[in-house]
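Working notes for the structure below.
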Amino acid sequence: MAVGDPEETNRAAAVRLLSTRYGALGITTGPALLWIAALLLAPLTFMVVVSFLEVSPISYEIVYEPTLANYEGLFDSTPWWDTPFFTAIWLSYGIATVTTLLCLTLAFPLAYLLARRGGRTFKIIIFLVLLPFFTMYLVRAYSWVLMFGPGGVINSTLMSVGLTDGPIELFNYGVPAIVVGLTHAYFPYMLLTLYASLDGLDFSLIEAARDLGASRVDVVRDHVVPLTLPGIIGGSLFVFVPSVGAFITPRFLGQGKIQMIGMLIESRVVGTYSIGYASAASMFVLVSIIGAMIVAFRYVTIEDLGGG
Amino acid sequence: MPSNGDRQTESGNESTSGIGRRAYIAGAGATGLVALAGCAGGGGGGGGGDGGTDSGMDDGTDSGMDDGTDSGDGGSAGDSGGTTTINIITWEEYAEMQENIESTLDGVELNITPSTSSTEMFAQWNSGQDEQFDIAVPNNNLVRRFMDADLVTPIDQDAVASFDSMYDKFQTFVDQQFTADGEAYGVPIRFGWYGYAYDTRTVPDHEPSYDILFEEDYVDADLDGEIIMYDEAAKAMPATALYLGFEEELQGSEMTFSTDQIDQMQQALVDQKPRLQGYIAADPTFIQEFQQGNFLVGQSGRNEVIQMRTEGADWVEYVVPREGAMAWYETAVVSAASDNQETAWEVVNEFLAPQNGAALAQAGFSPSTNPAVSEELTQEQNDLYGSIDPARLDGMIPFKDIASDVEEEYVSAWEEVKAA
């Protein structure tokens with residue numbers, strides 16, 4: 001060390017800081033922890049607190065007296081499952097489930113092919129899958145607005161080539177359009193997660209099973225699926241969780257007739273500033289998703305989700 | 001004896017396994033606090049250094065160039081090149097006036113935040129953002145709510161010299177709707193009304209009525225799945241009320257439906273839903289989908305249809321139903337929390353100036369409340385939207401807010417409709 005040289009001194013100080021246990025941990029993980037604390041934990045804590053408080057409908061100020069009124073509001077109907085909240089939450093779970101299954105069904109064979117072949121094929125397909133990601137999510141969602149609808153590209157094309165006399169309801173705005181939009185949006189997450197899992201698969205096991213008389217179905221059911229379960233669960237979580245809370249896609253492709261939970265929460269906040277109700281509804285969604293993740297992590301670990 | 005490299009490895013292993021969770025969290029927390037303190041200190045320093053030119057932009061404080069009373073955060077601009085930024089939340093077409101207003105008012109910059117809903121504007125202001133915005137331009141139905149929440153300041157008559165240039169009708173509206181204790185709080189800028197539009201290529205001529213939106217056999221055309229309603233309770237619910245004959249409840253200073261009437265409106269909208277193509281909020285979406293052929297009849301404002309006709313869609317017709325229509329006029333208000341109230345009112349005054357009003361009318365296909373605006377438009381533009389006699393509003397019902405005692409039922413009813 002060149003004593004007296006300011007640059008050398010700074011470098012030496014940095015090295016000393018990094019060589020201590022607390023210093024190294026603080027510098028490496030501190031910024032990320034700070035980020036999470038400020039932008040995830042703090043808002044989450046605020047949401048939890050507000051869900052147990054009232055908000056004045058006149059002044060919009062938070063009244064600091066504990067109450068369960070916001071949670072009771074979620075069930076405020078006869079029967080209780082007939083509230084707009086529960087209608088929206090069941091619909092959201094349903095759409096997210098179908099989207100997840102569709103992504104899984106479409107992505108699994110492709111991921112399997114990529115894991116077996118690799119090379120140039122892999123690069124081309126991965127490029128094609130990731131290509132839409134180079135455009136904004138909003139633009140991708142809006143492109144489906146032009147595709148669907150009675151006068152959209154799909155129906156117009158079918159009518160112009162004489163395959164149908166009038167618009168087909170399946171290609172109108174609504175639940176099918178939302179599922180397609182969400183599948184398009186989240187397909188790469190499923191594909192890449194499955195690929196990471198399948199890439200670590202020992203394919204000689206499959207060949208051995210086939211040599212010993214197992215059918216293709218047996219091989220998939222008894223070997224491939226169990227060995228890639230972490231990837232299946234991980235990919236499903238990556239698709240299901242954002243699909244439940246989706247906002248832009250259902251807003252564009254539901255034509256206002258479909259109200260998923262994210263839209264209901266947004267309308268409460270923007271329309272009447274009912275942040276207490278909105279927080280309680282968000283908590284319900286959050287807790288239910290955490291519950292699903294706890295169940296999922298009984299079968300896989302965090303490390304498994306990365307493949308292997 | 002281990003090498004130097006070995007010692008580092010051992011040290012690394014120890015550091016991973018040897019630190020307790022509490023110590024780790026404490027360390028990370030301390031780092032965070034230090035970083036936060038650093039940010040705060042840096043920010044403060046920056047603020048001090050930047051005092052002059054940015055003070056208006058950052059927190060809405062005036063540099064003092066207007067009346068000498070709003071000195072801001074050490075603003076050094078004074079009369080010599082300082083900038084006052086006026087933050088505005090309004091409809092996106094207002095951006096068309098920005099350049100001209102900035103060139104007219106020396107030292108004034110406009111920062112326009114587009115919004116698609118008066119309710120959203122109120123929610124933002126009432127939740128504390130009234131300090132971030134100087135001007136909002138909600139529809140007339142929400143202005144009273146801004147006033148009741150003490151969010152707005154009375155009109156500065158000296159600054160809004162164009163007030164007397166408005167049609168008498170709108171000055172009367174101000175007296176009736178936006179005046180309290182002898183002081184007026186809002187300046188109407190442009191106006192229009194809500195009826196419905198239809199595709200004349202498929203829908204035959206008929207007596208205009210909301211029945212077409214709610215009843216299957218009102219016209220000799222299959223409209224199942226071909227109807228659009230506004231995706232906003234404030235617009236869809238009053239139309240339903242007029243269809244059901246609840247006109248009297250719309251006549252006062254606010255909408256005074258009974259719970260039973262709200263239930264009937266909810267049921268009518270739920271029954272209507274299977275016949276709908278959907279609900280649409282934004283004008284461009286309405287226009288794009290109408291032109292795409294996605295529906296045949298749509299509840300709409302006049303301006304959407306005028307825009308379509310201007311662009312060549314001569315097959316679209318716009319009518320006012322026999323049951324009546326809701327009239328709207330966007331009204332500029334200035335925040336009571338603004339440090340730039342006088343400048344803000346000067347900007348509002350510019351909204352009414354003929355040249356700016358013409359730019360706004362051209363962008364939004366809606367007439368200005370200032371008749372002098374028509375002098376800046378062509379004859380064709382005036383015929384379509386520039387010179388619309390406000391006497392046409394006579395038979396219409398001014399948009400208004402829902403009475404607070406049934407607001408919850410009203411909001412719930414709309415949510416039930418959307419969830420059905």
Side-chain angles (χ1 to χ4, degrees), chain A residues 19-27 29-35 37-38 55-61 73 76-77 82-88 91 145-146 148-153 155-156 167 169 172-174 251-252 254-259 263-264 267-275, chain B residues 8 11-12 14-16 18-19 23-32 34-36 117 119-120 122-128 148-150 225-226 228-234 273 276-281 285 288-289 291-295 404 407-408 411-412 414-420:
Chain A
S19 64
T20 64
R21 289 176 298 182
Y22 298 131
L25 269 173
I27 287 173
T29 62
L33 284 174
L34 187 65
W35 183 270
V55 177
S56 164
I58 306 299
S59 66
Y60 289 4
E61 288 176 352
D76 190 16
S77 179
D82 206 20
T83 60
F85 169 73
F86 275 99
T87 307
L91 183 65
V145 174
L146 303 176
F148 280 90
V153 173
N155 267 321
S156 299
E169 185 59 25
N172 196 354
Y173 300 114
R251 178 151 192 142
F252 279 15
Q255 193 86 84
K257 290 178 79 175
I258 308 297
Q259 183 166 252
M263 301 164 75
L264 176 66
S267 74
R268 276 285 184 145
V269 173
V270 171
T272 56
Y273 200 70
S274 304
I275 57 173
Chain B
Q8 285 176 351
S11 173
E14 282 173 20
S15 69
T16 307
I19 297 176
Y24 174 68
I25 292 169
T31 307
V34 169
L36 267 179
S117 157
T119 316
E120 182 184 352
F122 176 76
Q124 289 197 16
W125 277 40
N126 203 29
S127 59
D148 291 344
D150 293 329
E226 302 285 0
I228 284 287
M229 291 289 284
Y230 266 114
D231 196 2
E232 197 176 339
K273 202 168 178 183
L276 293 184
Q277 166 61 23
Y279 300 91
I280 290 179
T285 310
Q288 176 248 314
E289 294 208 12
Q291 287 177 328
Q292 194 171 301
N294 285 343
F295 60 89
S404 56
E407 185 184 5
E408 197 172 327
V411 171
S412 294
W414 179 247
E415 281 183 354
E416 297 274 1
V417 171
K418 294 303 295 293

Out of Phe86(A), Phe85(A), Tyr173(A), which one racks up the most heavy-atom pairs below 4.5 Å with chain B?
->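 Winner by heavy-atom pair count: Tyr173(A).
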
Whether over 12 other heavy atoms sit under 6.0 Å from Arg268(A) CZ |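 Enclosed: over 12 neighbouring heavy atoms sit under 6.0 Å from CZ of Arg268(A).
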
Heavy-atom pair count under 4.5 Å with chain A, highest-scoring of [options]:
options: Ala233(B), Gly128(B), Ser127(B); answer: Ser127(B)
options: Thr119(B), Val411(B), Asn294(B), Asp150(B); answer: Asn294(B)
options: Ser412(B), Ala419(B), Ala234(B), Gly225(B); answer: Ala419(B)
options: Ala123(B), Ser404(B), Gly293(B); answer: Ala123(B)

Side chain, backbone, both or neither of [X] within contact of chain A (heavy atoms, under 4.5 Å):
X: Asp231(B); value: side chain
X: Glu226(B); value: neither
X: Gln291(B); value: neither

Gln292(B) to Gly151(A) - nearest heavy-atom pair and separation =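 Where Gln292(B) meets Gly151(A) most closely, the heavy atoms are CG-O, 3.2 Å.
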
Any idea which heavy atoms bring Asn172(A) and Gln277(B) closest together, and the distance?
->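 Heavy atoms only, the tightest pair is OD1-NE2, 2.9 Å.
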
Report the C-alpha separation of Leu276(B) and Gln255(A) in whole Å, then their side-chain angles, then the decisive distance to 0.1 Å, and conclude whether the side chain to side chain contact (heavy atoms under 4.5 Å, CB included) test is met.
-> CA-CA 10 Å; Leu276(B) 293 184; Gln255(A) 193 86 84; over 6 Å; no

Got a second to check how far Lys418(B)'s NZ is from Met263(A)'s CE, nearest 0.5 Å?
->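 Going from NZ on Lys418(B) over to CE on Met263(A), the span is 6.0 Å.
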
Gap separating the CD atom of Glu415(B) from the CD atom of Gln259(A), nearest 0.5 angstrom =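 It comes to 6.5 Å.
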
Residue part contacting chain B, namely of Leu146(A), when any heavy atom lies under 4.5 Å =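 For Leu146(A), the contact with chain B is made by backbone and side chain together.
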
Is it the side chain or the backbone of Val269(A) that comes within 4.5 Å of chain B heavy atoms, both, or neither?
->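 Contact with chain B involves the backbone of Val269(A) alone.
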
Who are the side-chain contact (heavy atoms from CB on, under 4.5 Å) partners of Gln124(B), not counting sequence neighbours?
->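 By the side-chain contact (heavy atoms from CB on, under 4.5 Å) rule, Gln124(B) matches Ile89(B), Glu120(B), Gln129(B), Phe133(B).
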
